[in-house]
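In what follows, a structure is listed as structure tokens, so that the remarks can point back to it.
Here the structure is a predicted model, which is why all the values come from computation and not from measurement.
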Amino acid sequence: MGDWGSFKKEILLSALGMAVFAEILSLIVYKPSLWFAAGLAAGTATTVGCFLILVRTGTLTEISKKGGPVVGGYFSRMILYGIVFFLCIKLRISCGFGCLAGFLTLHFGILILYGIVYRFFRKKKNPLNDWIEPKEWNDFSIYDDEEDDW
């Protein structure tokens, strides 16, 4: 997929930019709330951490050619999301809403960066839409975990 370092950096910076935008929007729409800001920070940190876990499990899957890291990474990310949201919602409702907004920062950052900016404003190639090289995604035999007879 090219240069993973710059790809991850762009995504992480877009997530932080969306978190700042969400905080400014909350100040305009509602009022200054330390609990919302704390929840937003916790949610953003969690979603960034889960993104890094996703990148790591993808790398491990590519190296090992087994699907085990994907399953383990998925469950660890879901547990992490659940724990952070539960703790935030137990503190205050506004902290829980900030946490939910923080969970969405990475996703909206990716949507804006790679769905809008790359498509309409930048002329360089979108790393999420690299279809020039042939992919092996349809050949599931390379991801043989067990001896399945189906």
Nearest 0.5 Å please: distance from the [atom1] atom of [X] over to the [atom2] atom of [Y].
X	Y	atom1	atom2	result
Ile53	Thr57	CD1	OG1	8.0 Å
Ser14	Leu106	OG	CG	6.5 Å
Ser76	Arg56	OG	CZ	12.5 Å
Ser26	Lys31	OG	NZ	11.5 Å

Qualifying residues under side chain to side chain contact (heavy atoms under 4.5 Å, CB included), relative to [X], sequence neighbours excluded:
X	answer
Phe21	Met18, Leu25
Leu16	Thr44
Ile24	Val20, Ile28
Leu13	Lys9

Remaining members of the apolar cluster that contains [X], side-chain heavy atoms under 4.5 Å:
X	value
Leu60	none
Leu54	none
Ile63	none

Not counting sequence neighbours, which residues clear ring pair (Phe, Tyr, Trp, His ring centres under 6.0 Å) with Phe103? List them please.
->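 Residues passing ring pair (Phe, Tyr, Trp, His ring centres under 6.0 Å) with Phe103: Tyr81.
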Kindly write out the residues that satisfy ring pair (Phe, Tyr, Trp, His ring centres under 6.0 Å) with Phe108, not counting sequence neighbours, or none if the list is empty.
->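 Checked Phe108 against ring pair (Phe, Tyr, Trp, His ring centres under 6.0 Å); zero matches.
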Provide the closest heavy-atom pair for Thr47 versus Thr105 in the form atom of the first, atom of the second, distance.
->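 Closest approach of Thr47 to Thr105, heavy atoms only: CG2-OG1, 3.8 Å.
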Quick one: which of Phe85, Phe86, Phe36 gives a side-chain contact (heavy atoms from CB on, under 4.5 Å) with Cys99?
->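 That would be Phe85; it is the only one of Phe85, Phe86, Phe36 passing the side-chain contact (heavy atoms from CB on, under 4.5 Å) with Cys99.
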What pairs of donor and acceptor atoms, side-chain ones from residues 87-97 against any protein atom, are under 3.5 angstrom apart with sequence neighbours left out?
none

Should Arg77 and Phe51 be marked as a side chain to side chain contact (heavy atoms under 4.5 Å, CB included) after you check the CA-CA gap, both sets of side-chain angles, and the distance that decides it?
-> CA-CA 9 Å; Arg77 288 183 289 131; Phe51 171 71; over 6 Å; no
Leu113 and Leu52: same hydrophobic cluster, using ILVMFWY side-chain contacts below 4.5 Å?
->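 Leu113 and Leu52: one cluster.
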